[in-house]
Amino acid sequence: MRLTPIALLVSILLFSPRAQACLRAELDARAVQWSTQIIEAKLVEVSERIEIKAISVKVSKELKAANPGARPGDITAVYWYRLYSFEVQSVLEGSAKPKHRIEVIRFFGKVDDPTGAFKAPAFPVSPCTELLTRASIGKSFILLLRPEQDVKMDKPPIWSDPKSDLREKEVHDVRGQWVVHMMAREKADDAAIASLKKLIADTRSAERKRSDPDLKKHVETIVTGKDPAKVEAAAAALRGVGFRAVSRLKSARDAKESTDEIKSRLLPLIAELSPPVMQLQMDAHKE
């Protein structure tokens, strides 16, 4: 796969330096709202690297002009994933069954740039990065999970197609789960488990209390924006519902009559309630 110099430069400039192996650092209502499975499970196996795609880009005159320090040559990138197989021990929420296996997936990448055109970003340490390694085989965890295909992926640092991400059908066919939040079971005593069960029950109860007509009414209040106090009250109600309200908010955003002013009220709430994009772990990482 060969990229044009402009496409390469755009992808480098737009690449976000964020990299999180978990979607949510906190174990809170939002983490529960984003999760479709909440389980206790033991890590039993970690796969070898499974390559998705390798990319090579030649540094041209145009790219060198945009990056004065760049030297002639090729920039190469390799992207892959690993599967972390968990055996379900107990189910706090979801359709999983004890003794069944669930595959957690993580995506990685490495850029080799002898030209000096690519500036490797610095990545923060994520708790999930530390926990999801071969050293954890045999250990049990509390996992809040969401299907990986239901989570948007940030573009890799070298990528040209704005309409697709790194994943292809073969990756989705694995039916891997992405970690919303996780913690070591040994650090969660009975009181912590009881607290988590209460958090799940309270969060789902808050979601059920708001009917679809309620959601529509709250979104309309935000769209009209006539009374700031009512707008804030409507936004607070939608925060209690969480991700379930996002489709209504997006429909209002995309309506023909939606002005920039209306969108300015809707977009922050959509971003707040939606799972963030997943990030590849680049270069310095633990597998």
Side-chain angles (χ1 to χ4, degrees), residues 1-25 34-37 47-57 63 75-84 102-113 117-124 126 128-129 132 144-182 243 246-247 249-250 253-254 267 270-287:
M1 178 178 179
R2 308 289 295 187
L3 304 187
T4 65
I6 296 301
L8 171 63
L9 179 59
V10 169
S11 68
I12 289 175
L13 292 177
L14 293 182
F15 176 61
S16 167
R18 299 165 296 148
Q20 297 295 331
C22 290
L23 292 179
R24 188 77 172 172
W34 291 344
S35 302
T36 59
Q37 302 276 354
S47 77
E48 297 300 322
R49 294 184 178 189
I50 303 170
E51 184 175 312
I52 304 174
K53 195 159 293 186
I55 297 172
S56 178
V57 178
L63 186 57
I75 300 174
T76 60
V78 180
Y79 303 112
W80 67 92
Y81 68 90
R82 285 188 190 270
L83 296 175
Y84 299 75
I102 283 184
E103 306 290 349
V104 167
I105 192 168
R106 288 179 64 199
F107 297 93
F108 302 90
K110 183 174 179 59
V111 175
D112 183 16
D113 174 27
F118 174 75
K119 306 303 180 186
F123 294 102
S126 164
C128 290
T129 303
L132 280 173
L144 286 76
L145 304 171
R146 183 176 189 84
E148 63 81 17
Q149 64 181 3
D150 291 347
V151 183
K152 292 182 179 179
M153 175 183 274
D154 203 4
K155 294 293 186 292
I158 297 179
W159 200 251
S160 62
D161 186 353
K163 296 183 179 180
S164 71
D165 62 27
L166 181 64
R167 299 167 293 178
E168 298 177 344
K169 181 179 182 299
E170 290 76 11
V171 175
H172 293 323
D173 286 347
V174 172
R175 298 182 181 275
Q177 300 286 318
W178 193 256
V179 177
V180 176
H181 183 86
M182 70 182 294
F243 184 65
V246 169
S247 61
L249 290 163
K250 286 183 175 180
R253 175 202 63 189
D254 297 336
L267 290 174
I270 291 171
E272 179 184 346
L273 301 184
S274 301
V277 295
M278 65 169 67
Q279 309 289 334
L280 279 79
Q281 300 288 294
M282 295 296 300
D283 295 326
H285 49 61
K286 293 184 178 180
E287 296 183 65

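In what follows, residues are counted from 1 in the order of the sequence shown.
Nearest heavy-atom pair, Arg24 versus Trp34, reported as atom, atom and distance to 0.1 Å: CD-CZ3, 3.7 Å. Scanning all heavy atoms of the two residues, the minimum distance from Gly109 to Tyr79 falls at CA-CD2, 3.7 Å. Pairing each heavy atom of Leu166 with each of Ile52, the nearest pair is O-CG2, 3.5 Å. Annotation for Phe108 and Leu280: closest pair O-CD2, 3.7 Å, computed over non-hydrogen atoms.
The CD atom of Gln279 lies 9.5 Å from the CG atom of Leu23; values are rounded to the nearest 0.5 Å. Expressed to the nearest 0.5 Å, how far CD of Glu103 lies from CD of Glu148 amounts to 12.0 Å. For the atom pair CD (Glu51) and CH2 (Trp80), the distance works out to 9.0 Å, reported to the nearest 0.5 Å. Expressed to the nearest 0.5 Å, how far OG of Ser35 lies from CG of Leu145 amounts to 7.0 Å. Once rounded to the nearest 0.5 Å, the distance linking CD1 of Ile105 with CZ of Arg175 reads 13.0 Å.
Partners of Ser247 according to the side chain to side chain contact (heavy atoms under 4.5 Å, CB included) rule, which considers only residues two or more places apart in sequence or in another chain, do not exist here. Qualifying side chain to side chain donor-acceptor pair (under 3.5 Å) partners for Gln149, counting only residues two or more places apart in sequence or in other chains: none. Evaluation of the side chain to side chain contact (heavy atoms under 4.5 Å, CB included) rule for Glu170 yields Glu168 as partners, not counting sequence neighbours.
Side-chain contact between Pro147 and Thr36: present, with at least one pair of heavy atoms (C-beta onward) separated by less than 4.5 Å. Annotation: side chain of Arg253 is in contact with side chain of Leu267 (closest heavy-atom distance under 4.5 Å). In this structure, the side chains of Leu144 and Val179 stay at 4.5 Å or more apart for every pair of heavy atoms. When side chains are defined from C-beta on, Lys152 does not count as touching Asp165, because their heavy atoms never get closer than 4.5 Å. Phe107 places a side-chain heavy atom less than 4.5 Å from the side chain of Arg167. Residues Ser47 and Arg82 have side chains in contact (heavy-atom distance under 4.5 Å, counting atoms from C-beta outward).
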